[in-house]
Amino acid sequence: MKYDFKAVEKKWQEKWRELGCFKASDKDGLENFYILIEFPYPSGYGLHVGHARPYTAMDVLARKRRLQGQNIMLPMGWDAFGLPTENFAIANKIHPAKVNENNIKFFKSQLENIGYSFDWDREIDTTDPSYYKWTQWIFLQMFKHGLAYKAEMPVNWCTSCKCVLANEEVVDGVCERCGSDVVQREKSQWMLRITKYAQRLIDDLALVDFPERVKTQQINWIGRSSGAEVTFKTTAGDDLLIYTTRPDTLFGATYMVISPEHPFIDRWADRIENLNDVRAYQKESARKSDFERTELSKDKTGVRIEGVTAVNPVNGKEIPIFISDYVLMTYGTGAIMAVPAHDTRDWDFAKKFDLPIIEVVKGGNVSEEAYTDCAEGIMVNSGMLDGMSVEEAKKAIIEYLEKEGIGHAKVNYKLRDWVFSRQRYWGEPIPIIICDKCGYVPLDESELPLTLPEVESYETTDTGESPLSKIDSWVNVTCPHCGGPAKRETDTMPQWAGSSWYYLRYCDPHNDKELASREALERWMPVDWYNGGMEHTTLHLLYSRFWHKFLYDIGVVTTPEPYKKRTSHGMILGENGEKMSKSRGNTVDPNDIVRQYGADTLRLYIMFIGDFEKEVSWNSESIKGCNRFLDKIWSLGDKVVGGGMSADLEADFHRTIKKVTGDIENLKFNTAVAALMTLVNKILDKGAVTKKEFETLLILLNPFAPHMTEELYEKVIGGGYLHDCRWPEYDEAKCVENSVEIAIQVNGKLKSRITLPIDISESEALSAARSEEKTAAAIAGMTIVKEIYVKNKLVNIVVKKG
RNA sequence: GCGGGUAUGGCGGAAUUGGCAGACGCGCUGGACUUAGGAUCCAGUGCUGCAAAGCGUGCAGGUUCAAGUCCUGUUACCCGCACCA
């Protein structure tokens, strides 16, 4: 009888729901394991098969671990605030909440069709006021602890979204979401002081099991460097503070450069003789986007400030000061000492402006190019540092600077504080009231959640104000502090807010007293295994580690890190090898595959398609192989005979159990499936399968193809449900056959193969090999120089003429 | 420029970490069954060659009885960061 996947899949999906098989238990004394998958943003387009890859993988892991007796939490939810929903709402004049509701409904039906074993009782939606109440609550705690602050600063402004973006959201000078130009605008923004956690975010990577590439990427993003801050006196009276990682080269500093945004330019306006030129340059660089500024990086530009000079503090030499946009106001102090002999950028600049280049580390040819890699160089032209190594010189000069009170050791980070305001409607309102008298006043916690008002229009404004600013009845309030008239903050939080702590909410999703009870957090945290995309490494993954550390510091959570283990999946590309996207028209809808082949085939193919951690192209032909494989298993159900494990298949079964068990844990799903196929081929060659063997096969296959295996279990094995079974164990001793095929090489070239009893002695193996027909012919008349025997694998006979 | 990664048949990919390269699947070739086949089953399938045999893991060397795997050099592609002082 043909396998009716439509009926069978529906039957079991309903059965599982009815029985509540996948609910994570909050009982004590169980072996808990928390598996987390990045929750999706429910866009109107629905899921494509790329989304299904990590879900399927973690579902396979979860189902296998449940069969092994663990209490698994595999929750799912919706990261639903964000621009696409809002833009769709604007375009179609539908309330974003309604749009979101529809999208979630569609997403959920897609997920259910694939038969994932999520615990839907723990479903969360970041746009639900009962959820974002706690997002706002965390923000208030950050505000109270000085981690949330408002600052006037240049920010990334997306010209199309009409909204501020975090640095992490700007990719190649354009908006990560919509691809439009990003320009700099001066705006007053809420900021989160992630920089306060920079060092701990680096250090605590030692506590977690993340892939090396994830750790390295985070470390590079945080960008720690150590050096010194040094004060240079100027003729304008103000001391110029600079940061350098090369204090050892201080004697080679022949000029200084300050950023065009440096505040001293205004302060020095009266003294600057060529103020017009300086102003013109400032204007020009302000006009450039970040992208243009880096584009032109080869050709250095700048203007010498006439009328003010500085003094090199170690040798007393008077040196000029320039402004140039190769110095960024946002890093270090916005001012540098330039050492052209040992820094490529300074060298380029010095050549262009004909400035002196003084070698202070011997070893390069500084008239040709900057000598930057001077690990083994020796100090010269550097007074007291002469003759020292670079390392020694660094230490000595810092000691000197500290003694003289003109400088000190300093650690710097590239990481910047997190721009946390968005001028959009569809986000969590920031629970702050702005009072002319009292400043920024936090909303009382009892007033949370501060819900979004109903508005007529969600249109953005060109002035850069949030749509919320137009709702007078919502904006105008009385100050909770002084009782005077005040206004609400009208910016909302960025999309990343809700996802920065969602894993905590799953532990206790219906709690209305706290974000999660201590008991639930202690039961489930930290997340045992978190799988997600590499693209979130310096966004969500870093942000959530930061929030978690803050919550740890204020005693809300009990672990310093949120995730014990992180893995990352490779992308599934479209059939044409390009990234799947609606605009490219190369997406594959899992619903289509489920309709054509069934969910089990889809699941199996997604796991079989290739190495889980590497990207791979979809292939609509290859999927047939998985469908055929399942059909074979279905018809095998008619051939089952009574009895236990048969002798001739015992080793194959034990090996397969071992392989599948290990491969699932190591994310080698493709080879786990291949091993199951190999086993089935063996069974089909033999032509018969016993009840015990079939049962074992069904359990091993269950995580991949849960519907068909449940059905076959009920139909053929009977007496309960497959999901109540135990995962099979293997016996190492039974994994091997009692005879093995041994390769025979002569001078390293394969000549023949012979079958010998397992664990045969070396001398027996060698003599068997020598007397094998082809081998004997090959070594006839030769002198045997050496014989190698690799136990149960091969024999290599090394011969030479004569 | 810095950091990370990849390279194996027509295709997706295996290879117990130095031990029989190409598991498993797709595709392809031939055959069977069939009114029919985009179903199923059987056989074959790295390349050259009628064969014997030879060649073969991006390229060039090296170590070794033995190299996809280790070492040196090199090329191409992908990802992340990038005027970060």
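Treat the numbers as computed from the prediction; the structure is a model and nothing was measured. Atom set for the values below is all heavy atoms of this structure, side chains included, hydrogens, waters and symmetry mates excluded. In what follows, chains are A, B, ... by sequence order, proteins preceding strands, each numbered from 1.
Using a 4.0 Å heavy-atom distance criterion, N681(A) is classed as a sugar-phosphate-only contact. Residue contacts for E787(A): at a heavy-atom cut-off of 4.0 Å it reaches no nucleic acid atom on any strand shown. Base engagement by N796(A) is indicated by at least one non-hydrogen atom pair under 4.0 Å involving a base atom. Nucleic acid contact class of K215(A) (heavy atoms, under 4.0 Å, all strands): none. Counting any heavy atom pair closer than 4.0 Å across all strands shown, I609(A) reaches sugar-phosphate atoms only and no base atom. Looking at heavy-atom distances under 4.0 Å, E741(A) makes contact with a base. When heavy atoms are screened at a 4.0 angstrom cut-off, V790(A) is found touching base atoms of the nucleic acid. Within 4.0 Å (heavy atoms only), T330(A) reaches no atom of the nucleic acid at all.
Atoms CD1 (I606(A)) and C1' (G25(B)) sit 16 Å apart, rounded to a whole Å. Atom CD in Q745(A) sits roughly 16 Å away from atom P in G18(B) (whole-Å rounding).
Relative orientation of the F5(A) and Y3(A) rings is tilted, given thresholds of 30° and 60° on the angle between their planes. F349(A) and Y255(A) have parallel rings, their planes meeting at less than 30° on a 0 to 90° scale where 60° marks the start of perpendicular.
U17(B) adopts a syn glycosidic conformation, its chi angle falling within 90° of 0.
Nearest nucleotide to the D611(A) side chain, out of A14(B), C41(B), C65(B): A14(B). Candidate nucleotides A85(B), C65(B), G19(B) were compared by shortest atom distance to the side chain of K786(A), and C65(B) ranks first.
The neighbour count for K774(A) NZ, taken as heavy atoms of other residues, nucleotides or ligands under 6.0 Å away, does not exceed 12.
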